[in-house]
Amino acid sequence: QKEVEQDPGPLSVPEGAIVSLNCTYSNSAFQYFMWYRQYSRKGPELLMYTYSSGNKEDGRFTAQVDKSSKYISLFIRDSQPSDSATYLCAMSAEISWLTGGGNKLTFGTGTQLKVEL
Amino acid sequence: DGGITQSPKYLFRKEGQNVTLSCEQNLNHDAMYWYRQDPGQGLRLIYYSQIVNDFQKGDIAEGYSVSREKKESFPLTVTSAQKNPTAFYLCASSIGGQVYNSPLHFGNGTRLTVT
C-alpha cells in the first residue's frame with residue numbers, strides 16, 4: 001500500500017463546476033499538507049499549503065485537512081479551462097533543519113483534471 | 001526574474017552512456033533537490049543538498065550522482081548503472097529544510113529518453 005493514495009483520473013468537468021480532488025494517507029506523523037498544480041510538460045507549482053487539520057481558503061481554492069480520517073481535499077469553485085492540469089498532493093512530517101533531516105515530501109501520483117467549455 | 005532553469009528540455013541518449021542534466025537557480029536558495037516523475041507514481045526524491053559541497057541520497061539514488069560546487073548549481077548525472085533511466089526529471093530548490101516555511105520551487109523539467 002502506498003503511503004499517499006490519489007486517484008489518477010482523468011476527471012472531466014464542465015466550466016463553472018465545483019471540483020473536488022482528494023488524497024488519503026496512512027502515516028499519522030504527517031502534519032504539513034500541500035497541493036501542487038502541474039501543467040503539461042512543466043514543473044509543479046505550489047497552490048496551497050496547510051498545517052495540521054482545518055480549512056484554508058485562497059480565492060477559488062479551498063484546502064481541507066481531516067487528520068482523524070487521514071484525508072485531504074482541494075476544492076476548486078467556478079472551475080475554468082485554465083484550471084486544466086494535474087494536481088499533486090504532498091505531505092510531510094516535521095523535519096528539523098537543525099538535525100539535518102532535509103526537506104522530504106511524500107507525493108501523491110496526481111489527478112489529471114480537464115475543465116471543458 | 002528569479003527561478004530555476006533546467007536544460008535541456010528534452011534529452012535522448014543511447015543505453016550505456018552517462019548523461020548530465022543541468023539545474024541552475026538564482027533564488028539564492030540554500031537547498032536543492034532532484035526528483036524523478038514516472039506515470040502512475042508520485043515524485044520520488046533522488047538526491048538533495050542543503051549546503052554547498054554537501055549532499056544526501058534520497059529514496060532512489062542508485063545509478064545517479066550529483067555535485068554541489070556552487071550554491072546556484074546542482075547537476076545530476078544519470079549513469080549507465082541506472083536500470084530504467086527514461087523519465088521526467090525535476091529539479092527544485094527551497095530556502096531551507098523546514099518545509100512549512102520553505103515550500104519547494106520547481107524547474108520545468110528535463111525529459112530523458114534512453115534507447
Side-chain angles (χ1 to χ4, degrees), chain A residues 1-10 23-27 29-52 56 58 63 85-112, chain B residues 3-10 21 23 25 27 29-51 54-61 68 74 88-112:
Chain A
Q1 185 189 1
K2 291 180 181 175
E3 223 172 353
V4 178
E5 298 276 1
Q6 187 174 10
D7 187 333
C23 289
T24 59
Y25 63 95
S26 57
N27 187 347
F30 288 147
Q31 297 188 66
Y32 301 95
F33 304 92
M34 285 133 270
W35 286 96
Y36 282 83
R37 178 175 61 195
Q38 184 176 21
Y39 291 113
S40 181
R41 290 184 285 278
K42 298 286 188 184
E45 55 179 331
L46 181 67
L47 263 181
M48 300 181 71
Y49 65 91
T50 57
Y51 169 67
S52 197
K56 184 175 181 180
D58 184 2
T86 296
Y87 290 80
L88 308 170
C89 64
M91 44 198 83
S92 179
E94 184 174 11
I95 301 293
S96 170
W97 170 260
L98 291 174
T99 61
N103 186 347
K104 190 167 188 288
L105 299 177
T106 302
F107 285 86
T109 53
T111 298
Q112 187 181 351
Chain B
I4 300 176
T5 301
Q6 289 188 246
S7 60
K9 195 173 177 67
Y10 298 97
L21 282 59
C23 178
Q25 55 100 357
L27 298 165
H29 285 174
D30 285 316
M32 297 187 74
Y33 313 83
W34 275 103
Y35 287 89
R36 170 181 172 141
Q37 188 173 33
D38 297 281
Q41 299 205 44
L43 272 68
R44 292 181 290 168
L45 183 65
I46 303 172
Y47 268 99
Y48 65 99
S49 167
Q50 293 176 314
I51 55 172
D54 186 52
F55 48 82
Q56 288 79 41
K57 293 181 179 180
D59 301 317
I60 55 165
R68 187 86 187 276
F74 192 39
F88 188 50
Y89 290 88
L90 286 159
C91 179
S93 70
S94 65
I95 296 171
Q98 196 161 14
V99 65
Y100 186 68
N101 293 319
S102 58
L104 288 175
H105 295 260
F106 284 90
N108 282 327
T110 291
R111 184 165 299 280
L112 172 65

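No experiment lies behind these values; they were computed from the predicted model shown. Chain A is the first sequence line, chain B the second, and so forth, proteins listed ahead of strands; every chain is numbered from 1.
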(request) Measure distances from B:Leu43 to the heavy atoms of chain A and classify the residue's part below 4.5 Å as side chain, backbone, both or neither. (result) both
(request) To the nearest 0.5 angstrom, please state how far the OG1 atom of A:Thr106 sits from the CG atom of B:Leu45. (result) 9.5 Å
(request) Can you tell which part of B:Asp54 gets under 4.5 Å to a heavy atom of chain A, answering side chain, backbone, both or neither? (result) neither
(request) Measure B:Gln37 against the heavy atoms of chain A and call it side chain, backbone, both or neither at under 4.5 Å. (result) side chain
(message) Quick check on A:Gln38 against chain B: is it the side chain, the backbone, both or neither that has a heavy atom closer than 4.5 Å?
(response) side chain
(request) Can you tell which part of A:Pro44 gets under 4.5 Å to a heavy atom of chain B, answering side chain, backbone, both or neither? (result) both
(request) Search all heavy atoms of B:Leu104 against all heavy atoms of A:Phe107 and return the closest pair with its distance. (result) CD1-CZ, 4.4 Å
(message) Please report the interatomic distance NZ(A:Lys42) to CG(B:Leu90), rounded to the nearest 0.5 Å.
(response) 12.0 Å
(request) Can you measure from CZ (B:Phe106) to CG (A:Leu88) and round to the nearest 0.5 angstrom? (result) 8.0 Å
(request) Heavy atoms only: give me the nearest B:Tyr10-A:Arg41 pair and the separation to one decimal. (result) OH-CD, 3.0 Å
(message) Please identify, among B:Pro39, B:Gly109, B:Gly40, the residue contributing the most non-hydrogen atom pairs under 4.5 Å to chain A.
(response) B:Gly40
(request) Kindly compute the distance separating OG (B:Ser94) from CG (A:Leu46), expressed to the nearest 0.5 Å. (result) 11.5 Å
(message) Given heavy-atom pairs under 4.5 angstrom as the criterion, report whether the side chain, backbone, both or neither of A:Tyr39 touches chain B.
(response) neither
